[in-house]
Amino acid sequence: MFELSTETLWLLLPLIPGLPLMAAALVAIFGHRLGERSHLPVLLAVAGSAIFGFLALMHVRGMGAHQAPNAVFNYANWFEAGNLRVDWELRLDSLSAMMAAMVSFISLWIVLFSAGYMHGDPGYPRYFAAVGLFVGAMNTLVLANNLPLLFLGWEGVGVCSYLLIGFWFAKPEAAKAARKAFLVTRLGDVALLAGMILLYRAGDPVGLSYDTIFSHHYDATTLYWALVCLGIGAFGKSAQFPLHVWLPDAMEGPTPVSALIHAATMVTAGVYLLARMLPPLAGHAVTAAQLESIGAFQDLVLVSGGVTALLAALIALGQTDLKRILAYSTLSQLGYMFMALGAGTTKGNVECHSLASAAAAAAVFHLFTHAFFKALLFLSAGSVMHAMGNVLDLRRIGGLRKLLPITHICFLVGALALAGLPPFSGFFSKDGILEVLEQGAHSGGSRGGLQHAMLWLGLITAGLTGLYTMRAYLLTFWGKERIPEEAGHHAHESPAVMTIPLAVLAVPAAFIGLALGPTHLFGHFIQASPGWHAAETHAFAWKLAAVGLGAAAAGIAVALALGDRRPSRKPNGLAETARSGFFIDDVYTAFFAKPLEQFGRLLNFLDRELVDKLFELFARIPGWLGESLRPLQNGLLQYYALAMALGLVVLIAMFTLAR
């Protein structure tokens with residue numbers, strides 16, 4: 001068995017987030033000198049993080065699946081406020097080790113791809129400084145042992161997303177998309193902070209460490225509202241309905257940034273947060289009221305995930321831009337993960353805790369496999385974009401399989417994994433989510449009907465996923481070769497620095513689900529996290545898998561029947577509705593953005609015309625008084641003596657009257 005000493009872990013663990021952060025600082029300071037070599041410090045730092053993350057993962061694995069490996073390392077005190085003490089504490093267990101290794105490994109290949117994709121850009125050093133900061137912040141988030149430190153990483157990835165989505169800030173669409181992402185996710189962040197405050201006020205005031213939170217028995221009402229606040233934070237960061245509107249617009253950033261946000265960082269944070277919190281809280285709930293609170297919160301998560309999964313899949317059908325199709329597919333797949341997190345029962349016994357852990361494990365497994373094939377798909381789209389002169393409109397490109405052979409094969413692998421065909425990874429992880437929904441539907445609990453409805457919704461979404469995924473693949477790589485004029489006459493396959501990451505990511509996208517899913521290796525490993533309950537091992541649900549495969553195959557069959565038929569350029573009611581995202585942005589603009597804008601204009605008018613004028617009036621009063629009293633200061637001593645005499649008479653009169 002592979003195990004590291006405590007001293008080695010104490011030194012190794014902070015380097016996982018620390019190396020990218022140090023590289024980011026180095027490039028930010030010396031980027032003007034590094035120039036086109038600015039990627040090297042970040043590449044080496046993220047490679048180091050990936051190596052150390054893998055060593056930490058092997059250490060946790062070597063300790064045994066049933067020992068609940070958990071190591072907490074305290075490095076220093078961060079701050080104290082009253083009874084609250086927050087330390088720089090990092091946590092190594094099954095969940096954090098898996099996340100840190102996955103984030104660093106995928107980020108490594110995205111950084112390498114970026115070196116080719118961003119070559120020649122005037123903001124090259126700025127880009128890699130922000131990417132290093134992004135990876136460091138995400139690793140801080142997943143390794144933190146308390147909510148304040150998690151919140152630090154949480155805000156860090158939010159700032160980095162703003163910087164990278166708006167990287168080409170001179171482009172109005174990019175600047176607008178960055179502001180939108182920042183403001184929408186801030187709504188969730190405020191709710192997350194409120195949830196932390198509720199937990200602190202109601203629990204033991206000792207730093208909000210996970211073990212302290214999980215061991216405290218909260219009042220049912222407080223527990224519910226704290227979870228709701230944490231859930232809103234997760235909805236915002238992971239772009240779940242109704243806070244999903246920022247993610248598609250994030251496509252305005254460089255394509256490797258899209259891969260980073262959609263695969264390894266940012267949107268996975270919300271799933272991680274709920275997976276970290278729900279199984280231990282369900283396990284420590286001792287009263288029916290507490291279990292009911294957790295179940296009621298899970299209902300919100302379940303419905304939000306289901307609506308997001310179906311809605312995003314429908315919107316993806318109407319898109320004509322390859323990156324936006326992939327963006328909406330991320331929304332849909334995140335919806336699947338939230339559906340799993342919302343599964344589970346509230347029966348008040350071991351089965352409840354077991355199913356909660358199994359459901360969270362299914363969500364995290366899909367997060368894990370999705371990271372590989374979604375990074376592969378976005379980087380493949382970036383390779384297409386690089387060859388096509390930044391054009392990804394499916395009405396203008398096509399038949400690229402011979403021109404881009406490596407990109408074509410890698411995109412196909414990612415597409416088949418996303419569509420959920422065996423033996424590709426998405427088939428096994430998506431089936432795990434459908435399985436826990438089926439278990440919840442037949443558990444006999446009061447929430448079984450809702451979970452049964454979500455199971456059917458998941459199957460419908462699986463069919464839609466197969467349709468839009470295969471449709472995008474066929475329109476891009478099959479049919480008559482179409483090369484836009486922006487590509488010139490020299491369109492060709494991307495250089496090795498871009499195709500090597502594609503080839504590397506294609507391997508786990510194809511086979512990692514098969515290796516870890518049916519063997520239950522992933523589930524046993526993740527459920528060894530402290531506070532989780534190892535679920536009873538079940539045989540692979542082939543019957544349900546066949547139904548899910550049938551739904552995906554039906555969608556693919558429809559796509560094949562449509563063939564190379566391009567999206568119409570003429571306005572079409574249904575297509576335009578889907579393309580516009582069912583006008584949700586327009587609704588938000590009409591009912592929230594415009595009224596707030598008008599309210600802001602009113603406040604600006606009142607501030608300028610009333611408040612400013614009032615303060616100007618107050619500011620002029622001393623001047624007016626000075627002007628009125630100035631004649632008294634004429635420089636003649638007899639006038640001053642007369643004033644003193646009159647003042648003395650007034651004082652004597654006052655004292656006389658007072659007696």
Side-chain angles (χ1 to χ4, degrees), residues 109-110 112-114 116-117 255-256 258-259 262-263 316 319-327 329 370 372-427 465-484 486-511 552 555-557 559-567:
W109 300 107
I110 293 175
L112 181 60
F113 183 94
S114 299
Y117 187 88
T255 301
S258 301
H262 288 248
Q319 302 304 307
T320 58
D321 183 277
L322 182 58
K323 279 178 64 176
R324 293 188 75 84
I325 292 174
L326 297 179
S329 81
H370 176 266
F372 291 102
F373 63 74
K374 187 50 63 70
L376 176 62
L377 285 169
F378 265 110
L379 294 186
S380 297
S383 180
V384 172
M385 197 171 184
H386 181 266
M388 295 295 103
N390 295 325
V391 175
L392 282 180
D393 190 337
L394 297 180
R395 296 168 297 187
R396 300 181 60 199
I397 64 175
L400 304 180
R401 67 187 186 281
K402 294 181 180 179
L403 184 67
L404 308 174
I406 299 176
T407 302
H408 164 237
I409 295 299
C410 292
F411 189 95
L412 177 60
V413 171
L416 293 175
L418 174 59
L421 294 187
F424 299 93
S425 58
F427 170 77
T465 303
L467 173 56
Y468 70 69
T469 302
M470 190 54 57
R471 183 89 172 123
Y473 163 72
L474 292 173
L475 292 177
T476 304
F477 294 100
W478 288 84
K480 179 183 177 182
E481 186 173 276
R482 294 177 173 85
I483 300 176
E486 289 87 344
H489 301 288
H490 307 287
H492 55 80
E493 181 63 274
S494 299
V497 71
M498 296 171 66
T499 55
I500 289 175
L502 298 183
V504 171
L505 291 172
V507 176
F511 302 116
I556 292 173
L560 291 172
L562 292 173
D564 188 40
R565 191 180 304 166
R566 300 280 144 178

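Everything numeric in this text was worked out from a predicted model, so none of it was measured.
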**Q** Looking at side-chain heavy atoms only, is the closest gap between Phe372 and Leu505 below 4.5 Å?
**A**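 Yes, close enough: below the 4.5 Å cut-off.
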**Q** Looking at Thr320 and Leu394, would you say the former's side chain and the latter's main chain have a donor-acceptor pair under 3.5 Å?
**A**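 Pair absent, no side-chain N/O of Thr320 close to backbone of Leu394.
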**Q** Can you confirm whether Met498 sits close enough to Leu379 that some side-chain heavy atom of one is under 4.5 Å from a side-chain heavy atom of the other?
**A**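 Side-chain contact under 4.5 Å: no.
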**Q** Does some side-chain heavy atom of Leu400 sit less than 4.5 Å from a side-chain heavy atom of Met388?
**A**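 In short, these two side chains touch, coming nearer than 4.5 Å.
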**Q** Would you sort out whether His262 and Ser329 count as a side chain to side chain contact (heavy atoms under 4.5 Å, CB included), showing the intermediate values?
**A** CA-CA 10 Å; His262 288 248; Ser329 81; over 6 Å; no
**Q** When the ring planes of Tyr117 and Phe113 are compared, do they come out parallel, tilted or perpendicular, using 30° and 60° as the limits?
**A**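 Answer is parallel, since the angle falls under 30°.
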**Q** Measuring from Ser380:OG to Met385:CE, what's the distance to the nearest 0.5 Å?
**A**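 So the OG of Ser380 and the CE of Met385 are separated by 14.0 Å.
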**Q** Report yes if the side chains of Phe411 and Leu322 come closer than 4.5 Å at any heavy-atom pair, otherwise no.
**A**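 Touching, per the 4.5 Å side-chain cut-off.
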**Q** Of all heavy-atom pairs between Leu421 and Ala552, which one has the smallest distance, and what is that distance?
**A**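 Heavy-atom minimum between the residues: CD2-CB, 4.5 Å.
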**Q** Let me see the working for Ile110 and Ser114 under side chain to side chain contact (heavy atoms under 4.5 Å, CB included), right down to the final yes or no.
**A** CA-CA 6 Å; Ile110 293 175; Ser114 299; 4.2 Å; yes
**Q** Before accepting this row, confirm whether a basic side-chain N of the pair Asp321/Lys323 lies closer than 4.0 Å to the acidic partner's carboxylate O.
**A**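 Answer for the salt bridge query: no.
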**Q** On a heavy-atom basis, which atom in Ala510 and which in Val413 lie closest, and how many Å separate them?
**A**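 Taking every non-hydrogen atom into account, CB-CG1, 3.9 Å.
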**Q** Does the ring center of Phe373 lie less than 6.0 Å from the ring center of His370?
**A**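 Close enough - the centres of the two rings lie under 6.0 Å apart.
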**Q** Could you pull out the closest heavy-atom pair between Val391 and Pro484, with the gap in Å?
**A**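 Taking every non-hydrogen atom into account, CB-CG, 3.8 Å.
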**Q** Going from CZ on Arg396 to CG on Leu475, what distance comes out if it is rounded to the nearest 0.5 angstrom?
**A**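 If I round to the nearest 0.5 Å, the distance is 15.0 Å.
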**Q** Nearest 0.5 Å, what's the OG1-CZ distance between Thr255 and Phe378?
**A**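 Answer rounded to 0.5 Å: 8.0 Å.
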**Q** What pair of heavy atoms forms the shortest contact from Pro405 to Glu493, and how long is it?
**A**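 Taking every non-hydrogen atom into account, N-OE2, 3.3 Å.
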**Q** Parallel, tilted or perpendicular: which one describes the rings of His408 and Phe477, with boundaries at 30° and 60°?
**A**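 Judged by the thresholds at 30° and 60°, the geometry between His408 and Phe477 is tilted.
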**Q** Do you know the tightest heavy-atom contact between Ile325 and Ala316?
**A**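 Shortest heavy-atom contact: CG1-O, 3.9 Å.
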**Q** Walk me through whether Trp109 and Ile500 qualify under side chain to side chain contact (heavy atoms under 4.5 Å, CB included).
**A** CA-CA 8 Å; Trp109 300 107; Ile500 289 175; 4.2 Å; yes
**Q** Taking all heavy atoms of Ala509 and all of Ser425, pick out the closest pair and write down the distance.
**A**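 Distance-wise, the nearest heavy atoms are O-OG, 2.7 Å.
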**Q** Mind checking the NZ-CG spacing from Lys374 to Leu376? Nearest 0.5 Å is all I need.
**A**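 Reported to 0.5 Å precision, the distance equals 11.0 Å.
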**Q** Report the distance from atom CG of Leu403 to atom NE2 of His492, rounding to the nearest 0.5 Å.
**A**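 So the CG of Leu403 and the NE2 of His492 are separated by 9.0 Å.
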**Q** Kindly say whether Asn390 contributes a backbone atom to a donor-acceptor pair with the side chain of Glu486 at under 3.5 angstrom?
**A**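 Absent.
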**Q** When you look at Thr469 and Leu377, which way does the side chain to side chain contact (heavy atoms under 4.5 Å, CB included) test go after all the steps?
**A** CA-CA 10 Å; Thr469 302; Leu377 285 169; 5.7 Å; no
**Q** Can you find a heavy atom in the side chain of Leu112 that is under 4.5 Å from one in the side chain of Val504?
**A**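 No - every pair of side-chain heavy atoms lies 4.5 Å or more apart.
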**Q** CG/Leu326 to OG/Ser258 distance, rounded to the nearest 0.5 angstrom?
**A**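 Answer for the CG-OG pair, Leu326 versus Ser258, is 9.0 Å.
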**Q** How about His386 and Leu404: do any of their side-chain heavy atoms sit closer than 4.5 Å?
**A**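 His386 does not reach Leu404 side chain to side chain.
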**Q** Taking the side chain as every heavy atom from C-beta outward, state whether Tyr473 and Thr476 have any pair of such atoms under 4.5 Å apart.
**A**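 The answer is no; the side chains never approach within 4.5 Å.
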